Amino acid sequence: AQTVTQSQPEMSVQEAETVTLSCTYDTSESDYYLFWYKQPPSRQMILVIRQEAYKQQNATENRFSVNFQKAAKSFSLKISDSQLGDAAMYFCAHSPSGNTPLVFGKGTRLSVIA
Amino acid sequence: GAGVSQSPRYKVAKRGQDVALRCDPISGHVSLFWYQQALGQGPEFLTYFQNEAQLDKSGLPSDRFFAERPEGSVSTLKIQRTQQEDSAVYLCASSEGWNTDTQYFGPGTRLTVL
């Protein structure tokens, strides 16, 4: 069975600083997809970034980037120049393809300190 | 364009009552997913549809849970004889239906069973 583990229940970062959220996963698939979703207090889940396992290059989206280590089954999210609006729950998720059910971790609550 | 919408946003039910939760996916999206999110946890898969076909319902916790999507658009998640452990946020997501697609989430319905 696929599992996703987020070992940091809570993290905090000073505004304008950089923070890294950790995620590890377990799968027997060789091709799969990994995602980071953000869930602000309003509850709407928003996609932050996605990574296809067959791509060696780490995905980036503006201030957000990932460190994908396939052999270690690790998928961390780096947020640069943190902003107050980045405060939210962050969920790491996995799926065998982009169009199959997602398996989520338990989430990391990120606080941004002004 | 409009995103995924869900109604009601909040539902309070007395134990033993039946409830129906509605999801309107993004227009034209073929795939529709239901997830259950308990307080402080990551979402967990319940069931999903491709058009009107229910492809996987392995995540439904009991036979009290039933989902349908009769015309391949709007979906309803029905919970019969609600119990306190059914209290959670129910999230709906839709995607275009291709392998590489991203799932877009609605705001969720918070169900409280008293």
Side-chain angles (χ1 to χ4, degrees), chain A residues 1-10 21-25 29-55 59 61 64 75 77 88-110, chain B residues 2-11 21 23 25-26 29-51 53-60 67 88-111:
Chain A
Q2 299 153 3
T3 59
V4 175
T5 302
Q6 294 180 249
S7 59
Q8 305 153 317
E10 297 184 357
L21 308 183
S22 300
C23 172
T24 58
Y25 59 93
E29 305 283 339
S30 57
D31 288 327
Y32 49 87
Y33 294 77
L34 297 164
F35 306 83
W36 279 99
Y37 278 89
K38 169 185 177 182
Q39 189 176 43
S42 66
R43 207 166 66 223
Q44 189 107 26
M45 195 83 73
I46 303 164
L47 179 69
V48 174
I49 199 166
R50 58 180 279 160
Q51 174 82 42
E52 289 86 351
Y54 65 87
K55 290 186 178 179
E61 286 289 340
F64 300 87
F75 182 62
L77 175 69
M89 284 291 290
Y90 285 81
F91 291 97
C92 179
H94 165 284
S95 76
S97 79
N99 197 40
T100 52
L102 297 168
V103 176
F104 287 88
K106 291 190 174 183
T108 296
R109 181 176 302 280
L110 178 66
Chain B
V4 179
S5 62
Q6 293 185 245
S7 61
R9 290 293 307 275
Y10 302 90
K11 177 68 178 178
L21 312 180
C23 173
I26 294 172
H29 275 196
V30 168
S31 298
L32 186 147
F33 303 81
W34 284 99
Y35 296 88
Q36 180 190 60
Q37 186 175 22
L39 188 63
Q41 302 294 315
E44 293 191 351
F45 166 72
L46 293 175
T47 185
Y48 87 106
F49 294 84
Q50 193 151 334
N51 295 305
Q54 190 173 19
L55 297 188
D56 187 345
K57 56 181 181 179
S58 62
L60 296 176
V89 174
Y90 291 85
L91 298 172
C92 175
S94 71
S95 71
E96 289 187 4
W98 299 100
N99 256 5
T100 56
D101 280 343
T102 292
Q103 294 181 29
Y104 296 92
F105 282 80
T109 294
R110 180 180 296 280
L111 172 65

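Chain letters run A, B, ... following the sequence lines, proteins first, then strands; residues in each count from 1. Keep in mind the model is a prediction, meaning the values are calculated, not measured.
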Participant: If we ignore hydrogens and angles and just use 3.5 Å, is the side chain of B:Q103 paired with the main-chain N or O of A:T100 as donor and acceptor?
Facilitator: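 Such a contact is found between B:Q103 side chain and A:T100 backbone.
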Participant: Distance check, rounded to the nearest 0.5 Å: B:L91 atom CG versus A:M45 atom CE?
Facilitator: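 Answer for the CG-CE pair, B:L91 versus A:M45, is 5.5 Å.
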Participant: By a 4.5 Å heavy-atom criterion (distance strictly below it), what part of B:L46 contacts chain A: side chain, backbone, both, or neither?
Facilitator: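 Neither part; nothing is under 4.5 Å.
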Participant: Please flag which part of B:V89 lies under 4.5 Å from any non-hydrogen atom of chain A: side chain, backbone, both or neither.
Facilitator: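 B:V89 touches chain A through side-chain heavy atoms alone.
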Participant: Does the B:Y35 side chain pair with the main chain of A:L102, one donor and one acceptor, at a distance under 3.5 Å?
Facilitator: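 Yes, the answer is positive, given that a donor and an acceptor are paired below the 3.5 Å cut-off.
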Participant: Considering only heavy atoms, which portion of A:Q6 lies under 4.5 Å from any heavy atom of chain B: side chain, backbone, both, or neither?
Facilitator: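 Neither the backbone nor the side chain of A:Q6 comes within 4.5 Å of chain B.
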Participant: Side chain, backbone, both or neither: which part of B:E96 has an atom under 4.5 Å from a heavy atom of chain A?
Facilitator: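 It is neither, since no heavy atom gets under 4.5 Å.
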Participant: Look up atom CZ in B:F45 and atom OG in A:S95, then write down how far apart they are to the nearest 0.5 Å.
Facilitator: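 That separation rounds to 11.5 Å.
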Participant: If I measure from the heavy atoms of chain A, does B:E44 come under 4.5 Å with its side chain, its backbone, both, or neither?
Facilitator: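 For B:E44, there is no contact with chain A at all, as no heavy atom is under 4.5 Å.
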Participant: If I compare all heavy atoms of B:V4 with all of A:Q44, which pair ends up nearest, and what's the gap?
Facilitator: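 Scanning both residues, the minimum pair turns out to be O-NE2, 4.4 Å.
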Participant: Between atom OH of B:Y104 and atom CG of A:L47, what is the distance when rounded to the nearest 0.5 Å?
Facilitator: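 Between B:Y104 OH and A:L47 CG, I get 7.0 Å after rounding to 0.5 Å.
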Participant: Just give me the residue among B:P43, B:A93, B:G42 that pairs up with chain A most often, heavy atom to heavy atom, under 4.5 Å.
Facilitator: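 Looking at each option in turn, the highest pair count goes to B:P43.
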Participant: Determine whether B:Q41 and A:F91 make a side-chain contact, defined as any pair of heavy atoms from C-beta on separated by less than 4.5 Å.
Facilitator: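 Not in contact.
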